[in-house]
Structure formats: C-alpha cells, structure tokens
Amino acid sequence: MLKGALIGCGFFAQNHLHAWRDIDGAQIIALCDRDTARLSQTADAFTIARTHDDAARMLEEEDLDFVDIATTAATHRPLVEMAASHGLHIICQKPFAETMEDAAAMVEAADRAGVTLMVHENFRWQSALRTVRAVLDEGRIGAPFFGRVSFRSAYDVYAGQPYLATGERFIIEDLGIHILDIARFLFGDVATLAASTKRVNPKIRAEDVATMMLVHQGGATSIVDCSYATRLPRENFPETLIEIDGSEGTLRLGADYRLSVHDGDETGETDVAPPLLSWAERPWHNIQESVLAIQRHFVDCLSAGRQPETSGRDNLKTLALVHAAYASAESGGRTIAMSEFGT
Ligand code: NAD
Ligand code: 89V
C-alpha cells in the first residue's frame with residue numbers, strides 16, 4: 001500500500017480525498033494545510049488522524065511514498081522541490097506553475113531525485129473524451145483535419161473559487177489550460193498558436209473569454225474556445241464540446257454528453273454521460289470522475305514503473321500553450337511559433 005500525504009485541503013482537494021478512498025493500492029495517511037480550520041474540518045470529514053500545518057515538518061516526520069499537492073500555483077515549486085528532495089513521488093495540481101522557468105525547475109528536480117512527477121491535468125481523463133479519442137484511434141472518421149474544443153458557460157465559478165475573480169490572469173490559465181490540453185490529447189502537439197481574449201464580466205479582474213487557433217504538428221487545425229460569460233438557455237457547465245472533421249467522416253460531442261459519429265455512410269448516436277460516483281454531485285460529476293481516473297492512473301504508473309500521461313515533462317507543452325496564448329493576445333493576435341517556447 002502506497003502511503004501518501006495531501007497538501008492543501010481547500011475547495012478541490014475534497015475531490016482528491018474522495019477519489020483516494022476509491023483507489024486500491026494507495027491511502028492518504030496525513031494532511032497538511034496552513035489554514036488550521038480547513039485542516040481540521042477535512043481531517044474530520046475523511047477521518048485522517050495525522051495533520052500538519054507546515055509541509056516541511058510533515059515531510060520530516062511522516063513515512064511517505066508520495067505527496068498530492070492541491071494548493072494554488074504560486075506554492076507548487078517550493079512544495080514540489082521539497083517533496084523531491086525527500087525522494088517522494090509527486091502529484092501536482094494544475095496550473096503546474098506561474099512561469100515556464102518554475103515548471104522546468106520542478107521537472108529537473110524530479111528527474112534529479114528519480115521520482116515520478118504527474119500534473120493533475122484531469123480533464124482529458126473524462127470518460128466522454130476518452131471515447132472521442134478511441135473513435136479517432138479506430139480510424140472511423142479518418143485523419144482529422146479540423147477540430148473545435150469548446151467550453152462556454154456562465155456558471156458562477158467565483159463562489160467556490162473566489163481567487164478566480166481577483167487574479168491577474170483568469171480563463172486561459174485556469175480553464176483554458178485544460179481545454180488546450182484536450183486539443184493536444186486529440187490532435188497532437190502544436191506548431192503555432194494565435195489568440196484573442198476579452199473581459200466581459202466587469203466584476204472580475206482578468207479575461208473571461210478566450211479564442212485560440214492552433215495548427216498542430218500533424219497538420220490539423222483546431223479552435224479552442226473558452227468563455228465564462230456565455231448565457232445559454234441551458235447551462236452546460238462543465239461540459240467540453242467537441243467537433244472533429246476527418247477525411248472519412250465527422251464526430252460531434254454535443255451538450256448532455258451526446259456523441260454522434262458519422263463515418264461517411266452511417267451515423268451513430270451514443271450517450272456517453274459519465275457515471276455518477278457515490279460521492280459526486282451534479283454538475284461536477286464528470287470532473288469528479290476524471291479525478292478518480294487520473295489518480296488511479298498515477299498509482300498504476302508507479303506500480304508499472306512507467307511515466308504518467310500528464311507527467312511534469314509532458315505538461316510543459318500544455319503550459320507553453322497557455323503562455324503563448326497570453327503572448328499572442330497581448331500582441332493583438334500575433335501567430336506564435338511554439339518553437340519560441342522550446343516545445
Ligand atoms: P483553495 O484556495 O480552495 O485551496 C488551497 C488550499 O491550500 C488552502 O486551504 C490553503 O490554505 C492551502 N495552502 C496553500 N499553500 C499552502 C502551503 N504552502 N502549505 C499548506 N497548505 C497550503 O484552492 P482550490 O480551489 O482548491 O484550488 C487548488 C488548486 O486546484 C488550484 O491550482 C486550482 O487551479 C486547482 N483546481 C483544479 C481543478 C481540476 O479540475 N483539476 C478544479 C478546481 C481547482
Ligand atoms: O477545473 C478547474 O480547473 C476549475 C474550473 C472548472 C472552475 O475552471 O477551476
């Protein structure tokens with residue numbers, strides 16, 4: 001049994017902890033948060049006796065195999081470096097880092113220590129998106145030449161995560177990072193990117209709308225569009241909608257998890273709604289299901305001695321897309337070659 005500690009007992013960590021209870025082969029034996037009220041509430045809710053308000057002390061005192069870091073980005077580098085120096089395997093929440101330099105330093109620290117570092121980039125683990133990827137892998141629509149990966153909502157994310165309203169950057173860094181990662185997952189790595197952003201909601205500080213065009217190294221073009229200012233007649237939060245045109249057919253993942261695949265002759269419609277886990281709550285259940293899947297993947301990778309799909313090194317490419325998108329938007333939509341970011 002792998003023994004883990006969770007650092008950061010805030011809004012999203014509760015999902016990590018529920019998921020850990022469903023995973024054989026790993027157990028969270030200690031919790032850390034510098035906010036002692038959150039720490040004790042979480043310890044009571046999940047019956048975890050060993051608690052710490054200081055991560056450095058926890059790592060000295062506990063006998064651990066891994067840490068699960070669920071704090072916000074500014075604290076990731078010191079926590080990852082500290083865990084690596086103790087020889088512990090690491091899960092680190094997204095956004096991996098605020099800067100590419102910090103992200104690269106974390107990857108190096110993990111490599112030096114010989115430990116596994118996985119970024120908790122969970123959206124690509126949503127079962128509907130795994131089904132989309134399987135359809136592509138089966139070749140049912142041929143070679144994709146166009147894609148759209150779209151997340152548009154007016155859900156009040158600020159209620160649960162107030163920092164989203166006050167940060168200097170918002171939608172690309174917080175949500176776009178997932179949607180850009182899905183575009184990489186479906187269409188491969190990216191050669192160039194151009195972006196535009198907008199702030200529609202006057203009550204928040206940064207951009208809440210972003211539209212990005214990606215040219216993938218394999219030749220497909222994709223549009224990645226994100227909005228938290230889109231008032232639809234029926235709220236889709238937190239569904240990612242997909243359109244793919246391939247040489248032999250088309251695929252559409254529409255609202256309410258309806259998947260339609262047209263292979264040139266026949267059209268198949270499937271319901272790819274995620275299961276509602278016992279601890280999940282609508283509408284978050286597809287994200288919650290993906291949390292379980294990615295944490296299970298981490299444990300599987302440790303036991304098989306392989307790198308996770310969203311290793312720290314892999315995630316440098318997703319994070320570079322985020323930085324390229326801001327650079328493009330700030331320059332009025334300049335097309336950025338991803339080689340400028342070394343990816
Ligand atoms: P939060 O502010 O609610 O929780 C963070 C917690 O970390 C707080 O309780 C804080 O006291 C604690 N903390 C911060 N620095 C610490 C340190 N050095 N030592 C110990 N404790 C420390 O934030 P949140 O909304 O839970 O977000 C956490 C991370 O999860 C963010 O990076 C966010 O982007 C990410 N997130 C991911 C998803 C997803 O689907 N992958 C969804 C929501 C949030
Ligand atoms: O998944 C996330 O990273 C969340 C949200 C869905 C609100 O964007 O912050």
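Note that the structure is a prediction, hence the values are computed from the model and not measured. In listed order, ligands and their atoms are each counted from 1.
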Review point. Can you tell me the protein heavy atom closest to atom 26 (O) of ligand 1 and the distance?
Key: F12 N, 2.8 Å
**Study point:** Nearest protein heavy atom with distance in Å, relative to atom 30 (O) of ligand 1
**Key:** Q93 CG, 3.5 Å
Check your understanding: Do R38 and ligand 1 have an N or O pair less than 3.5 Å apart?
Key -> yes
Exercise for review: Quick one: look up the protein heavy atom nearest atom 2 (C) of ligand 2 and list residue, atom name and how far away it is.
Suggested key: H178 NE2, 3.3 Å
**Study point:** Which of the ligand 1 atoms, numbered from 1, are nearer than 4.0 Å to a heavy atom of G8
**Key:** 6 (C), 7 (O), 12 (C)
Practice item. May I ask which of T36, D33, V291 has a heavy atom nearer to atom 12 (C) of ligand 1 than the others do? Key: D33
Review point. Considering only heavy atoms from C-beta outward, does the side chain of R258 approach that of T270 to under 4.5 Å?
Key: no
**Study point:** atom 4 (C) of ligand 2: the protein heavy-atom neighbour that sits closest, reported with distance to 0.1 Å
**Key:** D174 OD2, 3.6 Å
**Study point:** E121 heavy atom under 4.0 Å from ligand 1
**Key:** no
Review point. Is the closest N or O pair between F11 and ligand 1 shorter than 3.5 Å?
Key: yes
Practice item. Look up atom CD in E121 and atom CD in Q93, then write down how far apart they are to the nearest 0.5 Å. Key: 8.5 Å
Practice item. Evaluate side chain to side chain contact (heavy atoms under 4.5 Å, CB included) for H216 paired with S222, printing each intermediate quantity in order. Key: CA-CA 8 Å; H216 295 264; S222 69; 2.7 Å; yes
Review point. Of the protein's non-hydrogen atoms, which lies at the shortest distance from atom 22 (C) of ligand 1, and what is that distance?
Key: T71 CG2, 3.6 Å
Review point. Any idea which atoms of ligand 2 are less than 4.0 Å away from a heavy-atom of V157?
Key: 7 (C)
Exercise for review: Determine yes or no for a side-chain-to-main-chain donor-acceptor pair under 3.5 angstrom, with H16 supplying the side chain and V291 the backbone.
Suggested key: no
Check your understanding: Closest non-hydrogen protein atom to atom 21 (N) of ligand 1, residue and atom name please, with distance?
Key -> R34 N, 3.3 Å
Exercise for review: Check ligand 1 against I287 and write out every atom of the ligand that is under 4.0 Å from a heavy-atom position of the residue.
Suggested key: 40 (O)
Point to revise | Trace of the ring-ring contact (aromatic ring centres under 6.0 Å, His included) decision for W284 with F11 | key: CA-CA 12 Å; W284 287 86; F11 171 77; 5.6 Å; yes
Point to revise | Protein contact of atom 4 (O) of ligand 1 - nearest heavy atom, named by residue and atom, plus distance | key: G10 CA, 3.3 Å
Exercise for review: For ligand 1, note which part of A70 has a heavy atom under 4.0 Å away: side chain, backbone, both or neither.
Suggested key: backbone
Practice item. Answer yes or no: are there more than 12 heavy-atom neighbours, outside M100 itself, under 6.0 Å from its atom CE? Key: yes
Practice item. Starting at CZ of F46, measure out to CZ of R21 and round the result to the nearest 0.5 Å. Key: 5.5 Å
Exercise for review: Would you kindly specify which portion of I7 sits under 4.0 Å from ligand 1, judged on non-hydrogen atoms: side chain, backbone, both or neither?
Suggested key: side chain
Point to revise | F12 touching ligand 2 at heavy-atom level, < 4.0 angstrom | key: no
Point to revise | Atoms in ligand 2 with a heavy atom of Q161 nearer than 4.0 Å | key: 4 (C), 7 (C), 9 (O)
Exercise for review: Is it possible for you to check whether R205 lies under 6.0 Å from the centre of the six-membered ring of F170, through NZ or CZ, and within 45° of that ring's axis?
Suggested key: no
Revision key, fill the gap. Quick note on ligand 1: atoms under 4.0 Å from a heavy atom of D35 include exactly 11 (O)
Revision key, fill the gap. of all protein heavy atoms, closest to atom 23 (O) of ligand 1 is Y163 CE2, 3.7 Å
Exercise for review: Say whether Y326 and I177 are linked into one hydrophobic cluster, either directly or through other cluster members, by side-chain heavy-atom distances under 4.5 angstrom.
Suggested key: yes
**Study point:** Main-chain N/O of D174 paired to K94 side chain as donor or acceptor, under 3.5 Å
**Key:** yes
Study note, to complete from the structure: min-distance protein heavy atom vs atom 44 (C) of ligand 1 -> Q161 NE2, 3.4 Å
Review point. Quick one: are L31 and I28 in side-chain contact, heavy atoms under 4.5 Å?
Key: yes
Check your understanding: Side chain, backbone, both or neither: which part of N122 has a heavy atom under 4.0 Å from ligand 1?
Key -> side chain
Review point. Is the backbone of I287 close enough, under 3.5 Å, to the side chain of S290 for a donor and an acceptor to pair up by distance?
Key: yes
**Study point:** Flag side-chain contact, heavy atom, 4.5 Å: P238 against N286
**Key:** yes
Review point. If you measure every N/O of C32 against every N/O of ligand 1, is any gap under 3.5 Å?
Key: no
**Study point:** Interfacing atoms of ligand 2 (cut-off 4.0 Å, heavy-atom, Y228)
**Key:** 5 (C), 6 (C), 7 (C), 8 (O)
Check your understanding: What atoms in ligand 1 come closer than 4.0 Å to a heavy atom of F123?
Key -> 40 (O)
Review point. For ligand 2, which atoms have a heavy atom of F123 less than 4.0 angstrom away?
Key: 1 (O)
Review point. Given the side-chain rings of F66 and W20, with only the six-membered ring counted for Trp, is the space between their centroids under 6.0 Å?
Key: yes
Exercise for review: Report the part of D174 in contact with ligand 1, treating N, CA, C, O as backbone and CB onward as side chain, heavy atoms under 4.0 Å; options are side chain, backbone, both, neither.
Suggested key: side chain
Review point. For T72 and ligand 1, does the shortest N/O to N/O distance drop below 3.5 Å?
Key: no
Point to revise | Option nearest atom 31 (C) of ligand 1 (shortest heavy-atom distance, choices Q14, K94, H76) | key: K94
Point to revise | Approximate separation, where rounding is to 0.5 Å, of D208 CG and T230 OG1 | key: 8.5 Å
Exercise for review: Check each atom of ligand 2 against the heavy atoms of K94 and keep those under 4.0 Å away; list them by number with element.
Suggested key: 2 (C), 3 (O)
Review point. Can a non-hydrogen atom of P95 be found less than 4.0 Å from any atom of ligand 1?
Key: yes
Exercise for review: Would you sort out whether F185 and F123 count as a ring-ring contact (aromatic ring centres under 6.0 Å, His included), showing the intermediate values?
Suggested key: CA-CA 10 Å; F185 172 58; F123 268 41; over 10 Å; no
**Study point:** Audit row: I141, I244, side chain to side chain contact (heavy atoms under 4.5 Å, CB included) steps and yes/no
**Key:** CA-CA 9 Å; I141 65 161; I244 307 177; 3.7 Å; yes
